[in-house]
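Note sheet for the following structure.
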Amino acid sequence: MLSYIVRRILQAIPSLIGISIITFVLLHIVPGNPVRILLGQHYTPQRAAALAQSLGLNKPLYMQYLIWLWNILHGNLGYSYNYTEPVTYLIGHALPNTLSLVLIATIFAQLFAMLIGTVQAYFENSIADHVITVLNYFFYSMPSFWLGILMVMFFSIQLHWFPSGGVVNPQDPNPGFWDWLHHLVLPAATLTLVTLAGYSRYMRSSVRETLLMDYIRTARAKGLRESQVLWRHVLRNSILPQITLFGLSFPALFAGALFIEEIFNYPGMGLLYWNAVGTLDYPVLLGVTMFLGALTIIGNLLADILYSLVDPRISLESMS
Amino acid sequence: MAEPLLAIRDLKTYFVSKQATVKAVDGIDIEVDRGQVVCIVGESGCGKSMTSLSIMRLVPRPYGKIVGGQILFDGRDLLQLSEREMADLRGSEIAMIFQEPMTALNPVLSIGTQISEVLVRHRGVPKREALDRAVEMLKFVGVPRAEQIVREYPHQLSGGMRQRVMIAMAMICEPKLLIADEPTTALDVTIQAQVLDLMKKMRRETNTSIILITHDLGVVADMADHVVVMYAGQVVESVDADTLFSEPKHPYTRALMESIPSLDEDKDVLYSIPGTVPSAANFPKGCRFAERCPIAKPSCFEKMPELREVAPGHWVRCDLV
Amino acid sequence: MSEYVLEVQDLKKYFPIKSGLLKRTVGYVRAVDGVSFQVKPGETLGIVGESGCGKSTTGRMIMRLTTPTSGKIILDGKDITHAKGEELRASRRKSQMVFQDPYASLNPRMSVGESIAEPLIVNKVLPKSEAFERAGELLKTVGLRASDINRYPHEFSGGQRQRIGIARALALNPKLIVADEAVSALDVSIQSQILNLLMDLKHQFNLSYLFISHNLAVVRHISDRVGVMYLGHLVEIGPKHSLYQDPLHPYTQALLSAAPEPRRTKRRERIILQGDVPSPANPPSGCPFHTRCPRVMDVCRQTMPKPVQVHPDHWVACHLHG
Amino acid sequence: MVTETQVANSAGEPRVQATKWRTWKRFWRYPLSSIGVIGMVLLFAFCFVGPMLYHVSPTQGDFTALLQPPSAKHPLGTDDAGHDVLARMMVGGQASLEVGFLSAFVAMAFGTLYGMVSALAGGWVDIILMRIVDILLSIPSIFILLFLNATFKPNVGLMIFVLAATSWLGVSRIVRGEVLKIKNETYVEAALLAGVRTWRLMTKYLVPNFIGTVLVTTTFAVADSILSIAGLSFLGLGLPPPAPNWGADLSAAMNYIFQNAWWLIYPPGILILCSQLFVNFIGDGLRHALETRTD
């Protein structure tokens, strides 16, 4: 097990290098000059040259990359051009917010999806199945940013149940856990709803397929109660594809979080990136992309480990 | 003569959808005595597997429906039982094994769990004890290293071992009736011999009645006390095994025997039954075999023959014998 | 003109087992481990054995769908073991194959006429319109209607599809047809139709067959000579009457005794072999059958027996003989 | 004894239509397909035919009616600059639909080629090509889109290219999987034995047998692209103003959320939602039609 994890992490290194090269090249081949943006009205050729020198932007591209790579090996993601703070510091503040949003949404979405999908598949073609199918289509097709706005409109502006944005109440000198949770409800609910629909569609077809398997017929031929058939025989097999989906859905979740952070003014990775785009803040852009790439790879690794725990046919050794 | 353990009377199992009604089983009568091995033989699509699933009341939903008849088991009509009562019988009084031992076992549960859960469910035996009994049962069906096998998973076993596990699972509650649906079709000849041998041993030692469903007349000759030949959803011949092989009466049974190559006899040309089985969604009104029958008369196409007793205990659905 | 249509010499196929980070080869599955035999013109050689014995791999190597690890395949006097490109294409006009699964062997997106005419068109034997005409004739030859050429595979039953597959195999007038479990997926009544058809065609076109099957009775019926395979080895080969009446190898004896016969009167004493076939990834030393052999001797565990001729043309590889 | 020719009477079998038509029939029999197709036609008509019938400029403000709820003069109300919302909705969808469909088809073509090459080449080529796809897939595409749009001045052509550049990945993976599966089918082996060469193998054996799956994937890619454009515009990075766009209008509407300007918030959202729904319906219809080819 441990050797497997180590090996997978070693295998992730080329992927991470790949991500960094792609992002790095992409950032530097596009038109636009951060120096010009940073200096704004104070722009003069001399100042620009000096600034470029101090930022290391006058070196050849491969040198810039190697320097950046060297720094990263020392835990240094560079300094933001904009905030003059270390990128690690900025990410350190943004990451917990995004992670709590994304993790809470995935966990809730997965749990509800399992429940809903199972009920739908088990009572296929019942009224409940049809109603849920319609709702699923609706939320599956719903753009997250529109749903976010509607949530704010109803639950915040009309009903005053939840705040419309932010992480904590800025007026409160020392906000507690409940305040934080109160601010998290709407963004997390929005992200949950838009991901839930996709998961539960998947779960429905997965349970449907499992129900047709020979071993379910065997379980019934053994006289097991329907609840036993469902819990012991159907569910364990049906969640297998769901686990893979969990691993694969990280990029989409981060994308969804980006819009939600924007709407709810929730200072996470998405908002950080979004603000950096406008000013071509290379170190921040690179840092955020690298981090999300790494998280995606970790997510896949987690999913694989989880999979091997549930499915005895897969041994971690044979998967590499 | 004592009352049979199982008596199927005029059983009809149809698949009903908007487009068509498929008469998979169309009015069959079968009796199984205690300790007897009854083979149901026929080609694919003749309704033999649906018969077995009907006895278990496991006809695939939502389209499959038992539309008529009786299944009297030990004096009770299974078709009248509630779903709950039926579940109590399955695995305990009537057990079943299937053709594909790979897909019939749950891939994510250990062999031990899958065998012992039957005991836990029907006999209320505590889990630990049930596991011990599972080990004993595995030894009984000839599985080597039984103590380790209970902790292993289906994919770690060979086909023959999996079928032994299925048999252990089916027999652990000592059912009165075992239904085996093509239990050796997926196995190699030498492994098939092992499994058939095991089933004979089971029958000897537990006096369980067996319904063996197969398309292989060789297996029938090896195992059966009584044989039921099915064609197009109906029983066409029903007789004790010795008579079947010495004096087959129905043209279909005879044709079937003639079309099999032999291990020690030269045949220049095999008999072959012309055409194909009529579609179960659209049976002809007369005899269902008439179209392919070498001795059919015009009357055969007009009127469906009854299953009649042509000699004591020898039932044939043909008016010409 | 050579004496044999097909000659196979010491044919081997080892599939590498790869493992680890760098996908190193850690061992081999010895699917076929030194098989030799010949097929004469107009002869049918049957190959029987249980699953995993290497009979299908042998057939696929002869068709060059799998590349042999070592050994020689001589088709109609020409060594095709390492044939490539056009040379291989030319060799395939002399040998064709009939597959097991009649449902998977036809392209669902092509009409049966297109499927049958395909070898004629791509080999530029006939122009397109004539190729289709020929496809119609071939359909008649295998007992279907010429008008069926425009229909699609899903409109046919399993037995009919198998006929279509046979018609396709006949299109190029091959000398040899390799039939890999060609009737195993069919019901007995359909099976006998196809067997009769194959025997008809053999006389009509003077074909040779390599007939691979696990069904002993079927192989006996169709073959002139029969070879028995076990764990990648040909353990016995001989004329069918000699082999079925007087099986020499203990495995052949067990196999024959285990095959259920549809008859109640005469019953052979059944030899029940113990255990399963060993894994070809880790075959036993000496004779491959010694782990299950009821008549095993010390020598069997150490040395691989050499084939010896016991009766005319009847060879066996067993220490009990020779 | 029965002879061979007697044996093979294939009489009494119902005629079945050829494969293509059966698939079509299955598609139309699926209730959601027709809703999707009709809905999509209506949506196209709304965006492209609508402006020809409804002659109100989407970009010229009516200064007598700023931020007005629906009225007879402005059936869907006006925004803060007095623009007619209905006119903006009609014109605003044009680019979304164009870019959505075209980019998905560019992605389909490239992804199919890439996946097929990868599967057929095998070995190291396959490993490297797929590793590239894996790496690209682990970067959330919206981040790349954001960045590209922020630095280039986007136009329709560029948007098609940029969106196709991120959505071909999924197609290539699916095609590779399908080709690997079909490559092992017996009918492909039979084709090899018949002497079929690579090009013919690809066009007559591989493509016809996986094109259905690709079509389904492409349909869902259309939905994704339309959503991405709306999303980018929502973040202010779509096609540059003054050209109206659903996403951009929704973003603008957010400023009036406290004034409860619902007529600004519902129309663009509903239109995006409908475009997604209809495309998903069509995709599911196709999937359903292609799922069980033989029964």
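No hydrogens, no waters, no symmetry mates; every other heavy atom, side chains included, goes into these values. Per chain, numbering begins at 1; letters A, B, ... match sequence-line order.
Considering OH of A:Tyr215 and CE of B:Met102, their distance stands at 10.0 Å, rounded to 0.5 Å. Atom CG of residue B:Asn106 and atom CZ of residue A:Arg236 lie 8.0 Å apart, to the nearest 0.5 angstrom. Atom CZ of A:Arg232 sits about 8.0 Å away from atom OG1 of B:Thr113, to the nearest 0.5 Å. To the nearest 0.5 Å, atom CZ of residue A:Arg220 and atom CD of residue B:Glu83 are 8.5 Å apart.
You'll find the side chain of B:Glu117 stays beyond 4.5 Å of the side chain of A:Gln228, heavy atoms only. Counting heavy atoms from C-beta on, the side chains of B:Asp88 and A:Arg225 come closer than 4.5 Å. Using a 4.5 Å heavy-atom cutoff, the side chains of A:Lys222 and B:Gln114 are in contact.
Looking at B:Ile179, there are no atoms closer than 4.5 Å to chain A (heavy atoms on both sides), in backbone or side chain. Contacts of A:Leu212 with chain B are absent, with no heavy-atom separation under 4.5 Å from either backbone or side chain. The part of B:Leu58 that comes within reach of chain A is its side chain, from C-beta onward, which places non-hydrogen atoms under 4.5 angstrom from that chain. B:Met86 does not touch chain A: none of its heavy atoms, backbone or side chain, sits under 4.5 Å away.
Comparing B:Met166, B:Arg84, B:Met96 by heavy-atom pairs within less than 4.5 Å of chain A, the highest count is held by B:Arg84. The candidate from B:Gln156, B:Gln99, B:Glu152, B:His122 with the greatest count of non-hydrogen atom pairs under 4.5 Å with chain A is B:His122.
Across B:Pro107 and A:Pro312, no two heavy atoms sit closer than the pair O-CG, 3.3 Å. In this structure, A:Asp214 and B:Thr103 approach most closely via the heavy-atom pair OD2-OG1, 2.7 Å.
Within a 6.0 Å radius of CZ in A:Phe246, more than 12 heavy atoms belonging to other residues, nucleotides or ligands are found. Environment of CZ in B:Phe140: crowded, with over 12 heavy atoms of neighbouring residues, nucleotides or ligands closer than 6.0 Å. Counting non-hydrogen atoms of neighbouring residues, nucleotides and ligands closer than 6.0 angstrom, the CD1 atom of A:Ile127 reaches no more than 12 such neighbours. The neighbour count for B:Glu174 CD, taken as heavy atoms of other residues, nucleotides or ligands under 6.0 Å away, does not exceed 12. More than 12 heavy atoms of other residues, nucleotides or ligands lie within 6.0 Å of OH in A:Tyr137, so this atom counts as buried by the packing criterion. Applying the 6.0 Å contact sphere to OH of A:Tyr122 captures more than 12 heavy atoms from other residues, nucleotides or ligands.
In this structure, A:Thr218 contributes its side chain and B:Ala104 its backbone to a donor-acceptor pair below 3.5 Å. A donor-acceptor pair under 3.5 Å is formed between the side chain of B:Arg121 and the backbone N or O of A:Gly223.
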